[in-house]
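A quick write-up on the structure given underneath.
Letters go in sequence order (proteins before strands), and every chain restarts at 1. Since the model is a prediction, treat every value here as computed from it, not as a measurement.
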Amino acid sequence: MAAKISALRSQVEQALAGRVSAPFTYRDRNVFPTVATGIPEIDALTGGLPRGALTEIFGPACSGGTSFLFSALGARTGHDEACALIDGSDTFDPCSAAAAGVDLKKLLWVRCHSIEQTLRATDLLLQSGGFGFIAVDVSDISPKLVRHVPLDSWFRFRRAVEDTPTILLLLSRESNAKTCASLVLQLQGHAVHWRKPGRAADSSSGANTRANSYVGDERHSPAWLLEGLEARAEVLRSRMQPPAVESLAHHKVLPLKVSRNAGREAGAIFKTKTNWDSLGIASAENKSK
Amino acid sequence: MAFASIYVPQFMVQAVLRTEPQLRAGALALVDGTPPLVRVIDANDSAWRAGIQMGMAKSQVAQFLGVEIRNRSQSKEAAAHAALLDLGWSVSPRMENTAADTIVLDLAGLNSLFGSDEEIAGDLSRRALSLGLATNVAAAANIEVAIHAARGFTGVTVIPDGEESRRIGVLPVHVLFPSEESLATLDRWGIKTCGDLAALPLLELSERLGQEGVRLHELARGASVRSLVLAEPSLSFREELELDTAEEELEPVSFLLGRLLDQLCARLQARAQAATAIHLRFDLGDLFEKDAEIIKRNSPPDDNQKIYRKGLTLPVAMRDSKMLLKLLRLQLQSDPPPGSIVKIILVAEPSRRRAAQSGLFVPSSPDPEKLELTVARLAKLVGSANVGSPELVDTHRPGEFRMSRFRPPANEEPPRRKSKNGTELAIVEPAANEPPSRRSSVGFRMFRPRLPATIELHDGVPSRFFFRGVYGSVIAASGPWRTSGDWWREDFWLQDEWDIEVWVNSPSARIIHTRNSFSALDSNPQQQTAAPSGTYCIYFDVTAQSWFVRGMYD
């Protein structure tokens, strides 16, 4: 009997050779294919955004959440993936998104005006399927309201994207998805960079940084330009485990150096830059057509 | 050469049954005329058996229990005829539109595609059933023989070459459509069948009935030869339904729409087409009181007010009637008609169905049909103006954009490059740890509508910032950057814009900012490492002489 099963097993493996690497191997649910976020520091920290899982990014205002969102959207639309943004309070700015490299034609933007609309729209888009990246932005909805969203909603969202290639990203001011999120990242504003016109963008002589430690009352000259923001990212929770084998698809699975308990120690600082060249982007694009 | 004739018996009744298939099981009498002279013009077999007679008054028919009465509908007959034509063109491009209930197809060259003449005739009969029509199909080498056999024999009939005279000889003379006078004469002579007529001497028959006698004799012998009068192929898909009583509720109308869409999609399928757009038109009866008042106030009375139109433009050609019904229902629910509905007209714009083969290495993309339904549901949820792809417009006005229809990326194989040994390789996505080509840009969150703020100036530079219940010191400011435009329009803009970095007065505060509340919450200083500052874009609107917050850098 055992010999027959073994023969049958090898026969199935031979038939599926080249298509399925190990048909009888248990697939660990914590192994996710990941994709680049567009921010190298975050990619190095987290291994990228996991597909088929819920990722939560939270942090106070001006902590880089929107920059992160734009980078991720730019990376995904750059790879011809259909993306959707459920904008909880209609604060998405298409001009700055386009300047950040987001291909707006590949983005479905749903402008919601309440938490109920946001959750319902998320449900509809997850049921529709086929989107490579779905971002739910509840940052500008009152944290009190978002806190009252039952946990089973986030759990339902997580189950909806399981075993699909969809990346579900939740952007909020506070952590809400709790254990439903496979990756939780906390962002905090670290510094604001100002640049004196006429000097090199990143030169230490021309740039002035206001970090957390700043308590003085020195005022900038009005002629200075906003150079960019600096934010700190920390992994609070990560369920992703190093995979046994690399995925057969093109999306490489990276082993993570951080564990669930080591989240606080694992942090990274990333910088964003004001794109002054994008001021005339709309006119230039339209005229070139 | 062979021809097939398709005949729809009791055409007027079948045209009605096509839109109301639930009546097939019962007795149905069709009436027509100007009241009070409304009389029976046709009925189905059950009604005849029940005792209904031709020319019976409507009031008499109403005495019969279980007999449904329907008015004759020319629009339904036109739709049934169009379906019959679609049936013919679905098999052969050479078709004659003989009558409203009869078409003739040229079967030459079709045997290699559809099989023998018997198989083609059987296939035509089945296709007709799928279009809601019960037909008689006859195939013969002679056009007239095929027509007469279809009118005389029930079901599928195939007449072999050389047996025309014998086979149609058993048919009654009236299938040849003689004039009433000739039919009466033949009846007096005791000529009942085509065989009897064919046996009469031609010379004597022509002396008594003239040229018509010669024609009828030829037809009865199956010897009449003529060419096919080809019909011009057209791609027109229109279905109409007149309601006996005006309907006010959307639910029963949706039911009727479903039927019409089923018929429309069956016709599209018969022609190997799909719809790229659906145009819906309701002819309205009495307007609802409140809507009538609104219309009366806004514009003078007009006949166009009694017509309600809706268009459904589809991203890809589709012919799934259930999907189309859902989309139409969503549109109707968001903008219901302002009056009771008396007539429904559905028109489909045909197009070839998409033939797409997705690649293994192509990123997944939403199914266009499902996506259209999802977008329609989202539009119902948040409003149609709030769903779509943002599109930048050719202006420097801050925050200007327009919403366009979202079209998912096409499922195309990625570009390939040649490897060293000559084999093609797909260009794959960079791995997660590969750095992007450029540094990320600062994200900006725009407040809609703009939020008023109170700004204190010191030497013309913002120094303090009051905004939604919180205040702070401006520790860095960049500006003013004056922008203006559209001076020739009423809504021109003239603004002095500033980028400011704000320090909330409490150093241990954490900014929790939302659109409706902006407050600095005290938290545990030991755990708090966040910068209690924020970077905003504010502007002084010169025309309004007020300060506003455009958004924040995040």
Report task. Decide side chain to side chain contact (heavy atoms under 4.5 Å, CB included) for B/V382 and A/C112; before the verdict, give the C-alpha distance in whole Å, the side-chain angles of both, and the deciding distance to 0.1 Å. Result -> CA-CA 6 Å; B/V382 297; A/C112 303; 4.1 Å; yes
**Report entry** Intermediate values then yes/no, side chain to side chain contact (heavy atoms under 4.5 Å, CB included), A/S96 and B/V442
**Finding:** CA-CA 8 Å; A/S96 57; B/V442 174; over 6 Å; no
Query - Chi angles and distances behind the side chain to side chain contact (heavy atoms under 4.5 Å, CB included) call for A/L225, B/W481 - result: CA-CA 11 Å; A/L225 289 174; B/W481 309 101; 3.5 Å; yes
Report task. Could you check A/D140 against B/M552 for side chain to side chain contact (heavy atoms under 4.5 Å, CB included), going step by step and ending with a plain yes or no? Result -> CA-CA 11 Å; A/D140 284 339; B/M552 71 173 169; 4.2 Å; yes
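A/T91 places no side-chain N or O within 3.5 Å of a backbone atom of B/M446 that could act as its donor or acceptor partner. Judged by distance alone, the side chain of B/R445 and the main-chain N or O of A/C62 form no donor-acceptor pair under 3.5 Å. With hydrogens and angles ignored, the 3.5 Å screen pairs a side-chain donor or acceptor of B/D554 with a backbone N or O of A/S63. Not one N or O on the side chain of A/T66 forms a donor-acceptor pair closer than 3.5 Å with the backbone of B/F444.
Closest approach of B/P390 to A/F92, counting heavy atoms only: CG-CE2, 4.1 Å. For the pair A/L124 and B/T374, the tightest heavy-atom approach, listed with the atom from each and the gap, is O-CG2, 3.7 Å. In terms of heavy-atom proximity, A/H113 sits nearest to B/N386 at CE1-ND2, 3.7 Å. The two residues A/W194 and B/E501 have their closest heavy-atom pair at NE1-OE1, 2.9 Å. Contact between B/G443 and A/S67 at its shortest, heavy atoms only, is N-OG, 2.8 Å. The heavy-atom pair separating A/A99 from B/S441 by the smallest distance is O-OG, 3.8 Å.
From B/F406, atom CZ reaches atom NZ of A/K105 across 12.5 Å, with rounding to the nearest 0.5 Å. Rounded to the nearest 0.5 angstrom, B/L381 CG and A/E116 CD are separated by 10.0 Å.
Most heavy-atom pairs under 4.5 Å with chain B, from the set A/D87, A/D93, A/V110: that is A/D93. Ranked by heavy-atom pairs under 4.5 Å with chain A, the first of B/R407, B/M403, B/R405 is B/M403.
Contacts between A/D103 and chain B at a heavy-atom distance below 4.5 Å are absent for every atom of the residue. Of the atoms belonging to B/R377, heavy atoms from both backbone and side chain fall under 4.5 Å from chain A. Of the atoms belonging to A/P165, it is side-chain heavy atoms, and not backbone ones, that fall under 4.5 Å from chain B. In this structure, the portions of A/S128 lying under 4.5 Å from any heavy atom of chain B include both its backbone and its side chain. Looking at A/E41, neither its backbone nor its side chain comes within 4.5 Å of chain B, counting heavy atoms on both sides. Residue contact with chain A, scored on non-hydrogen atoms closer than 4.5 Å, is absent for B/A379.
The number of heavy atoms from other shown groups lying within 6.0 Å of CZ (B/R397) is above 12.
Aromatic ring pairs are classed by plane angle as parallel below 30°, tilted from 30° to 60° and perpendicular above 60°; the pair A/W109 and B/F401 is tilted.
No side-chain heavy atom of B/S478 sits under 4.5 Å from any side-chain heavy atom of A/L226.
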